[in-house]
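In what follows, a single structure is set out as structure tokens and then discussed.
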Amino acid sequence: MTLSPSSRRLQAALPRRSLLLGAAGLGVMATTLTACSSGAGPTLYTLSVVPGQPAPGGSRFVEVRQPTIASGLDRDRIVTADSGYKLTVSANDAWGDSLAGQISRTLAGDLAQRLPGTSVFAENDAVSTEPQAYVELSVTRFSAGPSGAVQIEAALSVKGAQAGAPDTSGQFYMQRVLVQAPAVSSGTMAMVEALSQLLGQLADQAAAQLRMMPPVPLDSSPAPASAAGSHHRK
């Protein structure tokens, strides 16, 4: 069969059109893959131990308990400001670990630096030592405050130990604290550095209270009943 000139032109144009459509499809696919692969994740931040003034004293073993964090702060993304009525949460900056875990480990490191004769560990650390004192923190603000100053607002408590738990029946320290640093330049890094410094100030207060606690006897276990009975008969 002989094709007309117009039919031959149409047949020649079809492969070229298919080729162009295929190239366009590959271009769209490549653009989609590039967009997916180029999406950068959040920038991760972590708190850091800051140096303080080492001094002797305090219990031999101290546990820093997992702090209580206000629900508005307990999130992956970093809360950068708290005006009292509004929380500002960063879209691109996040904590490298849970905020409660970071605070307990950093505070434990701060206390260990300030109490050179004390073994300090965070709750849930893989240790088998029975603590003689506990440090607890309940955090309600951990960001820039209404004035722009970086603030930590929390309840700090230092308690002795009884039967493997904090002793609330005896003498213990509990104080509502607000520590703050001057307003910092814009940027999450500067705020995290200021928060680390403020945690160091809380560690100073906790260390001072630990040094004031009465020493724990080396052997505080009660005497056996038979020994006590024979002593009474004398």
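The first residue of the sequence shown is numbered 1, and numbering continues consecutively from there.
With sequence neighbours excluded, the residues satisfying side-chain hydrogen bond (donor to acceptor under 3.5 Å, both in side chains) with R60 are S119. By the side-chain hydrogen bond (donor to acceptor under 3.5 Å, both in side chains) test, T88 is found to be paired with no residue, residues two or more places apart in sequence or in another chain being considered. For A100, the side chain to side chain contact (heavy atoms under 4.5 Å, CB included) partners are Q66, P67, I69, not counting sequence neighbours. Every residue meeting the side chain to side chain contact (heavy atoms under 4.5 Å, CB included) condition with D167, not counting sequence neighbours, appears here in chain and number order: Q162, S169. In this structure, E153 has no side-chain hydrogen bond (donor to acceptor under 3.5 Å, both in side chains) partners at least two apart in sequence or on a different chain.
The main-chain N or O of G101 is found under 3.5 Å from a side-chain atom of S98 such that the two form a donor-acceptor pair. Distance alone, capped at 3.5 Å, is enough to place a donor-acceptor pair between the Q102 side chain and the L47 backbone. Here the side chain of S90 pairs a donor or acceptor atom with the backbone of N92 at under 3.5 angstrom.
Listed by first then second residue, pairs satisfying salt bridge (charged side-chain N to carboxylate O under 4.0 Å, His left out) with a partner in residues 177-191 number zero, not counting sequence neighbours. Residue pairs meeting the side-chain hydrogen bond (donor to acceptor under 3.5 Å, both in side chains) criterion with at least one partner in residues 68-82, sequence neighbours excluded, are D82-R141. Sequence neighbours left out, the pairs with a member in residues 127-138 that pass salt bridge (charged side-chain N to carboxylate O under 4.0 Å, His left out) are R65-E136, E136-K159. Applying the salt bridge (charged side-chain N to carboxylate O under 4.0 Å, His left out) test to residues at least two apart or on different chains, none of the pairs has a partner in residues 44-58. Screening residues 95-113 for salt bridge (charged side-chain N to carboxylate O under 4.0 Å, His left out), with sequence neighbours left out, gives D97-R105, D110-R114.
We find the CG-CD1 distance between L198 and I152 to be 4.5 Å, quoted to the nearest 0.5 Å. The distance from atom CD1 of I78 to atom OG of S143, rounded to the nearest 0.5 Å, is 11.0 Å. Taking CD from Q205 and CD from Q209, the interatomic distance works out to 8.0 Å, rounded to the nearest 0.5 Å. Expressed to the nearest 0.5 Å, how far CG of D204 lies from CG of L199 amounts to 11.0 Å. A distance of 8.0 Å separates CH2 in W95 from OG1 in T46, rounded to the nearest 0.5 Å.
There is no path of hydrophobic side-chain contacts, each under 4.5 Å, that joins L210 to V50. Placement of V64 and Y134 in two distinct hydrophobic clusters is found when ILVMFWY residues are connected by side-chain heavy-atom separations under 4.5 Å, directly or transitively. A continuous path of ILVMFWY side-chain contacts below 4.5 Å connects V177 to L99, so both sit in one hydrophobic cluster. One hydrophobic cluster holds both Y173 and L107 under the rule that ILVMFWY side chains link at heavy-atom gaps under 4.5 Å. Taken together through direct or relayed side-chain contacts under 4.5 Å among Ile, Leu, Val, Met, Phe, Trp and Tyr, F142 and V49 form parts of separate hydrophobic clusters.
Counting heavy atoms from C-beta on, the side chains of T118 and L111 never come closer than 4.5 Å. Side-chain contact between Q180 and V150 is absent, with no heavy atoms from C-beta onward closer than 4.5 Å.
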Show every donor-acceptor pair shorter than 3.5 Å between a side-chain atom in residues 187-197 and any protein atom, with sequence neighbours excluded, or say none if there are none.
unit_1	atom_1	unit_2	atom_2	d
T188	OG1	D93	OD2	2.5
S196	OG	S48	N	3.1
S196	OG	V192	O	3.1

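No donor-acceptor contact under 3.5 angstrom links the side chains of S104 and E123, judged on distance only.
Taking Ile, Leu, Val, Met, Phe, Trp and Tyr as members and joining any whose side-chain heavy atoms lie under 4.5 Å apart, directly or through other members, the hydrophobic cluster of M174 also contains F172.
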When you look at T140 and R176, which way does the side chain to side chain donor-acceptor pair (under 3.5 Å) test go after all the steps? CA-CA 11 Å; T140 53; R176 190 79 188 174; 2.7 Å; yes
